[in-house]
2 protein chains.
Amino acid sequence: MKNNHVFIEKLRSSGLRPTKQRIEICKLLFDRKDTFHFSISDLENNLENLSNKKISLATIYNTIHAFREKGYLKEISINSDKTYFDTNTSDHHHFFDESKKKLIDLNDNDLGKIKIKKILPGKKIKSVEVLVRITNDK
Amino acid sequence: MKNNHVFIEKLRSSGLRPTKQRIEICKLLFDRKDTFHFSISDLENNLENLSNKKISLATIYNTIHAFREKGYLKEISINSDKTYFDTNTSDHHHFFDESKKKLIDLNDNDLGKIKIKKILPGKKIKSVEVLVRITNDK
DNA sequence: ACACTACATTAGAATCATTATAAATTATAA
DNA sequence: TTATAATTTATAATGATTCTAATGTAGTGT
Ligand SMILES: [Mn+2]
Ligand SMILES: [Mn+2]
Ligand SMILES: [Zn+2]
Ligand SMILES: [Zn+2]
């Protein structure tokens with residue numbers, strides 16, 4: 001249970017004004033032990049339930065995009081209809097459970113080293129993402 | 001320059017009726033030496049230009065989805081606004097040039113082996129996709 | 001405390017890729 | 001040829017995301 005002050009500082013230190021909406025979203029996203037994955041609609045639901053205040057959808061999008069730009073969140077690529085975000089911003093990869101539509105972290109020791117041997121002149125690597133799609137056995 | 005008969009057989013052999021729309025799309029997708037990547041809107045444009053006949057957008061979607069289900073096409077995951085397809089259906093990975101919004105194949109020798117050491121009980125791996133995002137240097 | 005201004009929130013509209021609908025057409029088998 | 005199911009099509013619907021423009025608010029300076 002973190003103090004709001006922690007989030008106010010976090011926001012201020014990256015040039016974002018600590019509004020009550022942003023603090024509320026911070027509490028839902030960052031006031032917990034484990035990182036997790038969510039979609040905008042997940043977040044929307046959690047804000048309606050766990051929290052009481054009503055935050056407009058536009059603000060939810062604005063905030064999540066601001067947080068992503070500030071490096072508080074990672075955007076995860078699944079060619080699904082919706083975008084997923086990750087509060088784990090470290091370099092890591094994912095299982096995507098197609099049955100449950102859920103992302104699961106792959107830690108460094110869950111995956112061998114990825115070596116990219118091809119180099120394109122004039123280009124630099126921005127990120128390397130591994131997505132392992134899984135489904136129910138049988 | 002393949003004969004239409006090739007495509008008629010291809011379609012029939014997988015239980016798809018060889019309509020003129022499907023044959024036309026086959027010609028654009030499979031009547032060439034190199035494989036390539038495309039979006040639905042790319043294909044729509046090519047059908048309008050290179051080919052003369054008008055094929056409705058619904059049919060383009062239907063056909064591409066049918067071809068994907070039959071294994072003629074691979075769907076590529078980029079969290080972009082649109083879905084990309086690949087006429088190279090072999091197991092391979094990609095660069096995605098964020099500047100040009102273009103996919104580039106990574107061959108087996110361009111990438112070290114991917115080892116997944118984590119196993120989830122009751123789940124099986126459906127696919128492993130590596131996406132290397134690149135941008136212009138400097 | 002007050003006023004100013006840039007930043008932020010908001011409801012609602014717009015966008016746009018994709019999917020659904022339902023009527024007309026066509027391929028194929030009987 | 002006729003019957004049937006598959007396919008095409010125009011068009012509407014969907015749904016995530018972005019845009020707009022009006023209103024509200026946080027921080028700064030007086
Ligand atoms: Mn899709
Ligand atoms: Mn996006
Ligand atoms: Zn993760
Ligand atoms: Zn490819």
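Here the structure is a predicted model, which is why all the values come from computation and not from measurement.
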J.: From NE2 of His65(B) over to C1' of dT8(D), roughly how many Å is that when rounded to an integer?
T.: 16 Å
J.: Any idea which of dT10(C), dT8(D), dT18(D) is nearest the Ala58(A) side chain?
T.: dT10(C)
J.: Please work out which of the three classes, parallel, tilted or perpendicular, describes the rings of Phe30(A) and Phe7(A), given edges at 30° and 60°.
T.: tilted
J.: Does dT9(D) have OP1 or OP2 under 4.0 Å away from a side-chain N or O of Thr59(B)?
T.: yes
J.: Heavy atoms from C-beta onward define the side chain here; which of dT26(C), dT8(D), dA6(C) lies closest to that of Arg17(B)?
T.: dT26(C)
J.: With a cut-off of less than 4.0 Å, is there a side-chain N or O of Tyr61(B) near OP1 or OP2 of dT18(C)?
T.: yes
J.: Measuring from the side chain of Lys82(B) (C-beta onward, heavy atoms only), which nucleotide among dG12(C), dA17(C), dT9(C) has the closest atom?
T.: dA17(C)
J.: Measuring to OP1 and OP2 of dA16(D), would you say a side-chain N or O of Thr83(A) lies under 4.0 angstrom away?
T.: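 Answer is no, no contact under 4.0 Å.
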J.: Check every strand shown and say whether Lys20(B) touches a base, only sugar-phosphate, or nothing at a heavy-atom separation below 4.0 Å.
T.: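 No contact.
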J.: Return the nearest nucleotide to the side chain of Leu16(A); candidates are dA8(C), dT9(C), dT7(D).
T.: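 Nearest nucleotide to the side chain: dA8(C).
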J.: Within the pair Gln21(B) and dT9(D), is there a side-chain N or O less than 4.0 Å away from OP1 or OP2?
T.: yes
J.: How far does NZ of Lys54(A) sit from OG1 of Thr59(A), to the nearest 0.5 angstrom?
T.: 14.5 Å
J.: For the side chain of Thr19(A), starting at C-beta, report the closest nucleotide among dT17(D), dT28(C), dT9(C).
T.: dT9(C)
J.: Would you call Lys123(A) and Asp137(B) a salt bridge, using N to O less than 4.0 angstrom?
T.: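 No.
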J.: Which of the following nucleotides, dA5(D), dT9(D), dT18(C), is nearest to the side chain of Ile40(B)?
T.: dT18(C)
